[in-house]
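When a ligand or atom number is given, it counts from 1 through the structure's own listing order.
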Amino acid sequence: MSHHMSIKTRVVQVDPDRPDLNVLAAAASIIRKGGLVAFTTETVYGLGADATNSEAVTKIFAAKGRPSKNPLIVHANDSIMARQCVAAWSDDAEKLANHFWPGPLTLILPRSASIPDIVTAGGPTVGVRVPGLALPRYLIMLAQVPIAAPSANRSNGVSPTLASHVYRDLDGRVEMILDGGPCRVGLESTVLDLSRETPRLLRPGMLSRTQLQGVIGRPINLGPGVDDEVAQPSSPGQMTLHYAPRTCTQRLDLDSLDPGLDDHCKGKRFAIMNLGHPPHLIENKGELRISYEGPDAAAHDLYARLRLWDAAGLDLILIVMPPDVEDWAAIRDRICRASGMSHFDRAEAR
Ligand code: TXA
Ligand code: MG
């Protein structure tokens with residue numbers, strides 16, 4: 001019989017811009033003692049531990065059910081602390097940090113000796129970022145150590161953008177959840193690899209490749225993305241998904257809405273999300289439906305909506321793909337990871 005040690009999880013509301021320092025001091029003390037604290041950032045909620053303490057970081061992997069080969073992002077309260085986590089700081093890093101930190105950008109750089117193997121999955125590099133909200137920055141400042149934090153969801157699930165999402169996934173596995181309300185960006189940070197000759201975009205985010213290129217004044221290569229081995233299933237129907245609801249989730253192109261949709265969904269209860277196209281296109285379709293006309297609103301709401309729909313006991317979640325333009329790149333990426341294949345791919349595979 002396995003013995004499961006459950007921790008009492010406390011949820012505390014904190015103003016993300018003017019956080020109560022007494023609350024943050026209590027949270028910082030948990031971090032310093034090697035415990036876990038979940039907290040809001042501008043992107044998604046993170047599950048944090050002292051990045052310099054391997055035993056503490058081990059608890060993150062256990063709480064999430066995350067494979068130990070997937071490295072963690074280290075959060076710093078300013079670029080001085082971020083630089084202490086890396087062994088080499090380049091001109092590109094300097095320019096990007098000056099321009100985008102605090103903010104939703106993670107830089108991959110050679111790691112320093114203060115960062116243990118468990119954080120980097122044994123690799124030679126570390127991801128660092130200074131989060132955009134005062135709440136996590138003050139927490140790090142009070143803890144006086146960098147905080148390793150992946151998204152605060154169970155591994156492969158949908159990232160949390162509300163404290164209630166974290167509670168649902170990690171109740172009994174984390175000591176404290178700092179509830180700063182809904183995440184303002186709603187999608188994970190842009191991950192940029194600066195450890196090679198040419199910078200590489202590993203994960204698109206709401207800061208675009210064009211914006212980053214503009215600041216460093218040279219080209220950035222695309223992927224292979226951080227999660228590509230799991231995003232590309234070797235055989236249909238057997239892929240491991242990332243950022244994925246449990247309900248079968250499929251992508252649609254605009255031109256397959258009519259009349260193919262009715263055939264495809266005959267007798268099925270489904271929800272339909274329309275990204276970037278006029279709302280009337282999905283009128284009367286599905287039991288639940290939502291249209292987002294622009295990428296910012298979609299990013300802000302996407303994960304909460306997927307979690308809500310996932311709990312609704314539907315047969316299918318359909319997502320009408322947004323246009324293939326840069327503004328939608330991060331959302332397109334996450335939708336691809338949340339869904340197996342387009343329903344036409346699936347039809348062909350049958
Ligand atoms: O917005 C965010 O980045 C959130 C908040 C909490 O900061 N964090 C987050 O962490 O999304 P996580 O662990 O869910 O995603 C981090 C991604 C993973 O795909 C991981 O493989 C990649 O960044 N990553 C981390 N360190 C890396 C490294 N040294 N080299 C390459 N990829 C790395
Ligand atoms: Mg994650």
Please state which option from [options] has its nearest heavy atom closest to [atom].
atom: atom 24 (N) of ligand 1; options: Gly127, Pro104, Pro71; result: Pro71
atom: atom 8 (N) of ligand 1; options: Pro160, Ala149, Pro131; result: Ala149
atom: atom 9 (C) of ligand 1; options: Pro136, Ser151, Ala148; result: Ser151

Check [Y] with [X], please: is the shortest side-chain N to carboxylate O separation under 4.0 Å?
X: Lys8; Y: Glu175; result: no
X: Asp91; Y: Lys95; result: no
X: Glu42; Y: Arg129; result: yes
X: Asp315; Y: Lys268; result: no
X: Glu94; Y: Arg83; result: yes
X: Arg111; Y: Asp117; result: yes

Self-check item: Ser151 backbone or side-chain N/O/S under 2.8 Å from the Mg ion (ligand 2)
Solution: yes
Distance filter under 4.0 Å to [X] heavy atoms, resulting ligand 1 atoms:
X: Ser189; answer: 1 (O), 2 (C), 3 (O)
X: Val44; answer: 4 (C), 6 (C)
X: Thr43; answer: 1 (O), 2 (C), 4 (C), 5 (C)
X: Glu188; answer: 1 (O), 11 (O)
X: Asn70; answer: 18 (C), 20 (C), 21 (O)

Quiz item: Where on His75 is there a heavy atom closer than 4.0 Å to ligand 1, on the side chain, on the backbone, on both, or on neither?
Solution: side chain
Exercise. Give the contacting part of Asp193 toward ligand 1: side chain, backbone, both or neither, where contact means a heavy-atom distance below 4.0 Å.
Key: neither
Quiz item: So, does Thr125 sit close enough to ligand 1 that a heavy atom of it is under 4.0 Å from the ligand?
Solution: yes
Quiz item: Judged by non-hydrogen atoms, does Arg66 sit under 4.0 Å from ligand 1?
Solution: yes
Quiz item: For Lys33, does the NZ atom have more than 12 heavy-atom neighbours from other residues, nucleotides or ligands under 6.0 Å away?
Solution: no
Quiz item: So, Ser112 versus Gln84: side-chain donor-acceptor pair below 3.5 Å or not?
Solution: no
Self-check item: Heteroatom proximity flag, Lys64 to ligand 1, N/O under 3.5 Å
Solution: no
Quiz item: For the atom pair OG1 (Thr40) and CG (Asp15), what is the distance rounded to the nearest 0.5 Å?
Solution: 11.0 Å
